Amino acid sequence: MAKTLELQFGTEFGKTARITVDNPKEPIDGEVVKLSMAQIMASDIFTTASGRFVAAKGARVVERNVTDYELV
């Protein structure tokens, strides 16, 4: 089962932008995630079509299951 940590940022033009990290270390430490998001915003290294990251809106782990079927 593939897991992804999704970091959600508010942008300067009021939109939401996301950064995803594959296979995050578990259990997720909320304080580390919060600090990391603050460092990402402070570094100002990412830009989007809706502007810079200005707020940490949320974080979540997304699990994805894929079932392949052989076509005969």
Side-chain angles (χ1 to χ4, degrees):
M1 180 178 332
K3 292 185 179 182
T4 303
L5 174 62
E6 182 179 280
L7 307 176
Q8 303 165 336
F9 295 90
T11 68
E12 62 184 324
F13 299 124
K15 303 288 185 180
T16 299
R18 295 170 179 82
I19 294 176
T20 59
V21 179
D22 291 339
N23 304 314
K25 179 181 172 185
E26 294 193 83
I28 301 296
D29 184 331
E31 286 300 317
V32 172
V33 171
K34 186 176 177 181
L35 179 61
S36 298
M37 292 178 78
Q39 289 175 338
I40 289 169
M41 287 187 296
S43 67
D44 202 23
I45 58 173
F46 294 104
T47 59
T48 69
S50 58
R52 299 178 306 108
F53 296 166
V54 294
K57 292 183 77 176
R60 63 184 180 181
V61 172
V62 177
E63 296 182 14
R64 181 171 159 243
N65 291 317
V66 177
T67 303
D68 290 323
Y69 295 95
E70 185 175 332
L71 301 177
V72 185

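Counting begins at 1 with the first residue of the sequence. Just so it is clear, the values below take in all heavy atoms, side chains as well, and ignore hydrogens, waters and symmetry mates. Owing to the predicted nature of the structure, the values given are computational and were not obtained by experimental measurement.
For the atom pair CZ of Arg18 and CZ of Phe53, the computed distance is 10.5 Å after rounding to the nearest 0.5 Å. We find the OG1-CZ distance between Thr4 and Arg60 to be 10.5 Å, quoted to the nearest 0.5 Å. With values rounded to the nearest 0.5 angstrom, Asn65 atom CG is found 4.5 Å from Met1 atom CE.
Ile28 and Met37 fall within the same hydrophobic cluster, defined by Ile, Leu, Val, Met, Phe, Trp and Tyr side-chain heavy atoms under 4.5 Å apart, directly or through other members. A continuous path of hydrophobic side-chain contacts links Ile19 to Val61 [ILVMFWY only; heavy atoms under 4.5 Å].
For Lys3, the salt bridge (Lys or Arg N to Asp or Glu O under 4.0 Å) criterion is met by Glu26, Glu63, not counting sequence neighbours.
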Next on the checklist: I'd like to know whether Arg52 forms a side chain to side chain contact (heavy atoms under 4.5 Å, CB included) with Val54, so could you lay out the CA-CA distance, the side-chain angles of the two residues, the decisive distance to 0.1 Å, and finally the verdict.
Outcome noted: CA-CA 6 Å; Arg52 299 178 306 108; Val54 294; 4.2 Å; yes
Pairs of donor and acceptor atoms involving the side chains of residues 38-47, under 3.5 Å and at least two apart or interchain, shall be tabulated with distances.
from, atom 1, to, atom 2, distance (Å)
Ser43, OG, Gln39, O, 3.3
Ser43, OG, Ile40, O, 2.8

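Although no hydrogens or angles enter the test, the distance criterion places no donor-acceptor pair under 3.5 Å between the side chain of Thr48 and the main chain of Ala17.
Heavy atoms only, all atoms of each residue included: Thr11 and Ser50 are closest at OG1-O, 3.0 Å.
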